[in-house]
Amino acid sequence: MLRQWLKIVALLIALVPWPAQAVLTIEITGGSEAALPIAIVPFGVEGYAPPEDISEIISNDLASSGRFAPLEKRDLISQPHEGTQINFQDWRLLRSEGLLIGKVSSQDGENYQVQFQLYDVYKAEQLVGKRYNVPASGLRSLAHQIADVVYETLTGEKGVFSTRLAFVTEMKNADGSKRFALQVSDADGANPRTVLQSTQPIMSPNWAPDGERLAYVTFENAKAEVYVQELSSGRRNSVASFRGLNSAPAWSPDGKKLALTLSKNGNPEIYVLELASGELSRVTHNSGAIDTEAVWMPNGREILFTSDRGGRPQIYRVDANGGRAERITFEGSYNASADISPDGKTMAMVHAVNGKFHIAIQDLQTGAVQVLTDTTADESPSFAPNGRMILYATEQKGRGVLAAVSVDGRIKQRLGESGSAVREPAWSPFRR
């Protein structure tokens with residue numbers, strides 16, 4: 001099986017023609033027994049019916065986090081849309097700790113007014129309530145925003161339902177050739193949008209810290225080349241097209257630099273590119289090894305990367321300005337594809353056990369390793385911006401799919417899609 005760190009070898013092999021629009025659907029394959037019971041009442045409608053079921057989207061968002069257990073619609077004891085219509089004693093009988101109600105109204109079917117209130121059932125008090133005015137096209141985004149408000153109000157942590165996913169899909173044509181596409185979707189897999197489509201491979205999408213740009217690798221010009229693309233306008237620029245390998249872009253925390261794997265001087269090494277000036281500096285120096293898959297520490301001063309300089313792929317740390325690299329993984333003979341939690345305390349990685357590849361985390365202070373997944377062909381871990389979940393690629397029945405797992409391993413999801421193979425996921429940061 002092709003592992004992430006070996007992709008730099010694959011980049012030098014003859015190209016093959018690969019996706020189109022993929023619609024991901026979340027399937028919960030494991031949950032938490034401590035999930036909070038919450039009642040989400042279908043929102044009332046006045047005037048024109050909305051094109052999106054806001055309460056359903058909110059319910060699905062909260063359920064997908066594994067931290068909430070929305071009541072089934074058939075179990076709702078009543079359907080209030082105003083606070084004065086709530087009988088809290090009835091809801092206590094259902095052991096629901098939270099109650100979300102709301103209303104949607106429109107006079108023209110183009111613009112909608114949406115309001116919601118979230119209540120603590122046992123205290124019989126409102127926790128939060130808001131009103132919004134949005135066009136019909138903004139209702140789904142608003143539903144994710146409300147789910148974020150509910151999540152943060154009840155957990156004290158930021159929700160990630162308004163963030164986005166980037167991923168690469170592969171689809172076979174009728175003649176056996178393939179198409180590749182770089183796509184961006186909502187965090188729940190809805191609203192997929194094709195950023196780039198090509199008959200040549202697309203690899204390694206990586207989000208800028210502002211959440212508005214993507215760096216990626218494409219072969220469309222018959223060689224590996226790194227591009228930076230602005231999502232709102234579609235404008236893009238080639239930032240690395242040196243002789244040899246140009247791959248594995250990773251944004252610095254300030255969004256001003258990219259760490260790259262380049263073989264311009266013969267051997268794959270880690271470089272840092274200053275985007276404004278084009279200044280390039282070499283970070284690693286090891287002529288007998290492959291150094292790749294750089295990722296920045298949140299402090300912006302250190303870079304982690306994968307290298308086989310010790311004989312097998314392991315993860316190393318080096319100063320972003322260069323210097324002596326320090327090995328930081330020692331458990332197991334294969335550790336690669338690092339990603340760092342937003343607080344900089346935890347590293348996700350691909351970790352091999354008995355020839356099977358799992359997603360694991362390592363405490364960067366103690367070195368303790370925990371395997372999180374029971375799938376066996378995992379790659380490309382990517383932390384959610386609140387650090388709660390890890391998105392990754394794996395295989396199901398020989399086809400690439402995306403999955404997610406909580407950092408404690410208890411909550412598991414699979415993002416299914418029919419018609420194409422999906423891989424190379426990247427979870428966006430919070431929008432600034």
Side-chain angles (χ1 to χ4, degrees), residues 24 26 57-58 60-68 116 118 128 130 132 134 138-167 182-193 195 205-216 228-233 249-259 275 295-300 338-348 361 380-392 402 404-407 411 413 415 424-432:
L24 304 176
I26 295 178
I57 295 170
I58 295 170
N60 291 339
D61 279 350
L62 295 176
S64 72
S65 74
R67 303 192 68 184
F68 294 89
F116 80 90
L118 175 65
V128 64
K130 295 189 178 185
Y132 306 87
V134 296
L139 287 171
R140 174 169 283 275
S141 293
L142 177 61
H144 293 317
Q145 184 179 339
I146 294 172
D148 283 332
V149 172
V150 173
Y151 184 97
E152 185 168 4
T153 300
L154 295 177
T155 68
E157 300 174 355
K158 291 190 71 172
V160 296
F161 309 118
S162 295
T163 59
R164 293 178 288 177
L165 310 180
F167 50 91
L182 172 60
Q183 295 191 294
V184 169
S185 75
D186 293 352
D188 63 353
N191 279 340
R193 169 188 165 196
V195 176
N206 194 275
W207 289 93
D210 60 12
E212 300 299 334
R213 293 170 293 165
L214 279 171
Y216 56 85
V228 169
Q229 183 158 343
E230 187 179 89
L231 294 180
S232 60
S233 67
W251 292 88
S252 62
D254 62 7
K256 296 180 179 180
K257 302 174 183 178
L258 282 177
L275 289 170
V295 60
W296 295 77
M297 292 293 290
N299 61 21
D339 194 38
I340 305 300
S341 62
D343 62 9
K345 296 180 179 179
T346 306
M347 176 178 67
I361 56 172
S380 305
S382 177
F383 270 101
N386 65 359
R388 270 279 173 180
M389 300 287 290
I390 299 169
L391 181 69
Y392 64 100
L402 303 188
V405 62
S406 61
V407 292
I411 301 166
Q413 305 170 0
L415 285 74
E424 305 267 1
W427 207 320
S428 82
F430 292 118
R431 295 197 196 187
R432 294 179 176 176

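Just so it is clear, the model here is predicted, and its values are computed rather than measured.
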Practice item. Go through the structure and list residues passing salt bridge (charged side-chain N to carboxylate O under 4.0 Å, His left out) with Glu152, not counting sequence neighbours. Key: none
Point to revise | Heavy-atom check, side chain of Val150 versus side chain of Leu62, under 4.5 Å | key: yes
Point to revise | Ser162 OG to Leu142 CG distance, which is reported to the nearest 0.5 Å | key: 9.0 Å
Study note, to complete from the structure: Sequence neighbours excluded, the answer for salt bridge (charged side-chain N to carboxylate O under 4.0 Å, His left out) partners of Arg213 is Asp210
Review point. Is there a donor-acceptor pair closer than 3.5 Å between any side-chain N or O of Ser382 and the backbone N or O of Leu391?
Key: no
**Study point:** Validation row: Thr346, Phe383 side chains within 4.5 angstrom (heavy atoms)
**Key:** yes
Practice item. State which residues pass side-chain contact (heavy atoms from CB on, under 4.5 Å) with Thr153; sequence neighbours excluded, sorted by chain then number. Key: Leu118, Leu127, Val128, Val149
Study note, to complete from the structure: Nearest heavy-atom approach of Ala338 to Met347 is CB-SD, 3.7 Å
Point to revise | Partners meeting side-chain contact (heavy atoms from CB on, under 4.5 Å) with Ala143 (sequence neighbours left out) | key: Ile54, Ile57, Ile58
Exercise for review: Write down the atom of Pro253, the atom of Pro209, and the distance for their closest heavy-atom approach.
Suggested key: O-CG, 3.4 Å
Practice item. Find the distance between NE2 (His144) and CG (Leu139) and round it off to the nearest 0.5 Å. Key: 11.5 Å
Exercise for review: Could you list the residues that satisfy side-chain contact (heavy atoms from CB on, under 4.5 Å) with Ser252, not counting sequence neighbours?
Suggested key: Asp254, Lys257, Trp296
Check your understanding: Can you tell me how far the NZ atom of Lys158 sits from the OG1 atom of Thr163, to the nearest 0.5 Å?
Key -> 10.0 Å
Check your understanding: Hey, mind stepping through Trp251 and Leu275 against side chain to side chain contact (heavy atoms under 4.5 Å, CB included) and telling me if it holds?
Key -> CA-CA 10 Å; Trp251 292 88; Leu275 289 170; 3.4 Å; yes
Review point. Between Phe116 and Tyr132, is any pair of side-chain heavy atoms under 4.5 Å apart?
Key: yes
Exercise for review: Go through the steps to decide whether Val184 and Leu214 satisfy the test side chain to side chain contact (heavy atoms under 4.5 Å, CB included), and finish with yes or no.
Suggested key: CA-CA 10 Å; Val184 169; Leu214 279 171; 3.8 Å; yes
Check your understanding: Could you go step by step and tell me if Arg67 and Glu157 meet the side chain to side chain contact (heavy atoms under 4.5 Å, CB included) rule?
Key -> CA-CA 12 Å; Arg67 303 192 68 184; Glu157 300 174 355; 3.0 Å; yes
Exercise for review: Work out which heavy atom in Ile390 is nearest to a heavy atom in Pro381; give both atom names and the distance.
Suggested key: CG2-CB, 3.8 Å
**Study point:** Minimum heavy-atom distance Asp186-Leu165, with the two atoms named
**Key:** O-CG, 3.8 Å
Review point. Listed by chain and number, what are the side-chain contact (heavy atoms from CB on, under 4.5 Å) partners of Asn386, not counting sequence neighbours?
Key: Tyr151, Val160, Ala384, Arg388, Phe430
Practice item. Take Tyr216 and Glu424, measure what side chain to side chain contact (heavy atoms under 4.5 Å, CB included) needs, and give me the verdict at the end. Key: CA-CA 10 Å; Tyr216 56 85; Glu424 305 267 1; over 6 Å; no
Check your understanding: What is the minimum heavy-atom distance between Pro298 and Ile340, and which atoms define it?
Key -> CD-CG2, 3.8 Å
Review point. With a 4.5 Å limit on heavy-atom distance, are the side chains of Lys130 and Ile146 in contact?
Key: no
Review point. How far apart are the closest heavy atoms of Ala404 and Tyr392, and which atoms are they?
Key: N-CE2, 3.8 Å
